[in-house]
Peer 1: 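So that we are looking at the same thing, I have put the structure below in structure tokens.
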There are 2 protein chains.
Amino acid sequence: MNALFKALNDPTRRAMLELLREQPRTAGEIAEHFAFSKPTISHHLDLLRQADLVTSDKQGQFITYTLNMTVLDEVLGWLLQFKS
Amino acid sequence: MNALFKALNDPTRRAMLELLREQPRTAGEIAEHFAFSKPTISHHLDLLRQADLVTSDKQGQFITYTLNMTVLDEVLGWLLQFKS
DNA sequence: AAAGTAATTAGATATTTGCCTAACTACAGA
DNA sequence: TCTGTAGTTAGGCAAATATCTAATTACTTT
């Protein structure tokens with residue numbers, strides 16, 4: 001829960017999730033959409049992975065990141081308790 | 001959106017919201033539930049108010065905090081886009 | 001008017017965060 | 001095997017965050 005909210009508490013990381021909503025992408029493809037250095041992007045992706053919001057899959061030289069939506073249920077559930 | 005996720009990114013503040021889910025409470029009543037100093041509690045409440053997650057109402061010497069659930073729709077909406 | 005209570009504001013400090021450059025690892029192709 | 005490419009890891013720095021104590025504001029009560 002902590003790692004989840006932490007990961008979501010950054011506009012760049014939220015934009016990354018939106019990007020991955022369309023389709024899985026490699027770290028490099030993701031990086032192209034932002035003005036930050038590759039290490040910074042890598043760090044953001046690491047936080048998303050720590051929160052289990054994305055999974056990573058290495059294929060040869062490329063690492064593909066895929067959105068993991070199931071973990072969002074935890075946040076949704078927590079938020080929905082307030083809507084009743 | 002930023003202020004919202006920022007406010008939610010802290011276990012103490014999330015616990016405060018859960019407390020207020022039951023009923024409105026004064027700053028002092030809220031403080032009783034935590035081991036932090038009053039200024040620290042006050043600061044957390046301020047962040048919740050900045051995110052519009054709570055409203056405050058001064059009655060004499062007391063300030064009562066009330067949960068504002070409507071603003072959660074924004075977060076819920078953002079999260080739900082990933083569930084489709 | 002003085003003292004007490006509720007809460008905030010101010011100021012200081014330690015930790016965490018987000019960013020960078022430089023260095024490194026791993027794979028691919030000539 | 002050498003060179004290039006994809007990506008991460010390491011190390012450093014500035015800004016933001018969470019906490020505290022001390023001081024202040026506003027109200028209540030005697």
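Lettering follows sequence order; numbering is per chain, from 1. Model, not experiment: these values are computed from the prediction.
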Peer 1: Separation of A:K38 atom NZ from C:dA23 atom C1', in whole Å?
Peer 2: 15 Å

Peer 1: So which of residues 7-36 of chain B are in contact with DNA chain C, with a heavy-atom cut-off of under 4.0 Å?
Peer 2: B:T26, B:A27, B:G28

Peer 1: Could you check whether any side-chain heavy atom of A:I63 comes within less than 4.5 Å of a side-chain heavy atom of A:T26, counting everything from C-beta outward?
Peer 2: no

Peer 1: Figure out the CD/P separation between B:Q50 and C:dT9, and round it to whole Å.
Peer 2: 11 Å

Peer 1: Looking only at side-chain N and O atoms, does B:S42 come under 4.0 Å of OP1 or OP2 in C:dT8?
Peer 2: yes

Peer 1: Could you tell me from which nucleotide to which nucleotide of DNA chain D, 5' to 3', there is an atom under 4.0 Å from chain A heavy atoms?
Peer 2: D:dG4 to D:dT9

Peer 1: Shortest non-hydrogen contact from B:R13 to B:K6?
Peer 2: NH2-O, 3.1 Å

Peer 1: Determine, for nucleotides 25-30 of chain C in 5'-to-3' order, which nucleotides have protein heavy atoms under 4.0 Å from the base (write B), from only the sugar-phosphate (write S), or from neither (write -).
Peer 2: -SBS--

Peer 1: Under 4.0 Å: is that the gap between some side-chain N or O of A:T40 and OP1 or OP2 of C:dC20?
Peer 2: yes

Peer 1: Tell me whether the side-chain N/O atoms of A:S37 come closer than 4.0 Å to OP1 or OP2 in C:dC20.
Peer 2: yes

Peer 1: Do A:D52 and A:Q50 pass the side chain to side chain donor-acceptor pair (under 3.5 Å) test, and can you show the C-alpha distance, the side-chain angles, and the key distance before you say yes or no?
Peer 2: CA-CA 5 Å; A:D52 207 27; A:Q50 277 177 43; over 6 Å; no

Peer 1: Rounded to the nearest 0.5 Å, what's the gap from CE on B:M16 to CG on B:L47? Could you check?
Peer 2: 9.5 Å

Peer 1: Taking CD1 from A:I41 and P from C:dC19, how many angstroms apart are they, rounded to a whole number?
Peer 2: 8 Å

Peer 1: Determine the minimum heavy-atom distance between B:W78 and A:L8, stating which atoms define it.
Peer 2: CZ3-CD2, 4.0 Å

Peer 1: Can you tell me if the side-chain N/O atoms of B:H43 get under 4.0 Å from OP1 or OP2 in C:dA10?
Peer 2: no

Peer 1: To check you understand the geometry: which heavy-atom pair defines the closest contact between B:A51 and B:V71, and what is its length?
Peer 2: O-CG2, 3.8 Å

Peer 1: Would you say A:L72 and A:L53 make side-chain contact, with heavy atoms under 4.5 Å?
Peer 2: yes

Peer 1: In terms of hydrophobic clusters joined by side-chain contacts under 4.5 Å, are A:M69 and A:L19 together?
Peer 2: yes

Peer 1: What contact category does B:L45 fall into here, base, sugar-phosphate, or nothing, at under 4.0 angstrom with non-hydrogen atoms?
Peer 2: nothing

Peer 1: So which atom in A:L20 and which in A:Y65 form the shortest heavy-atom distance, rounded to 0.1 Å?
Peer 2: CD2-O, 3.4 Å

Peer 1: What closest approach, in Å, do A:V75 and B:L79 show between heavy atoms, and which atom pair accounts for it?
Peer 2: CG1-CD1, 3.7 Å

Peer 1: Applying side-chain contact (heavy atoms from CB on, under 4.5 Å), run through A:T64 and A:R25 and close with a yes or a no.
Peer 2: CA-CA 5 Å; A:T64 299; A:R25 296 180 199 260; 6.0 Å; no

Peer 1: Can you see if the side chain of B:Y65 gets near the phosphate of C:dA6 - specifically, an N or O under 4.0 Å from OP1 or OP2?
Peer 2: no

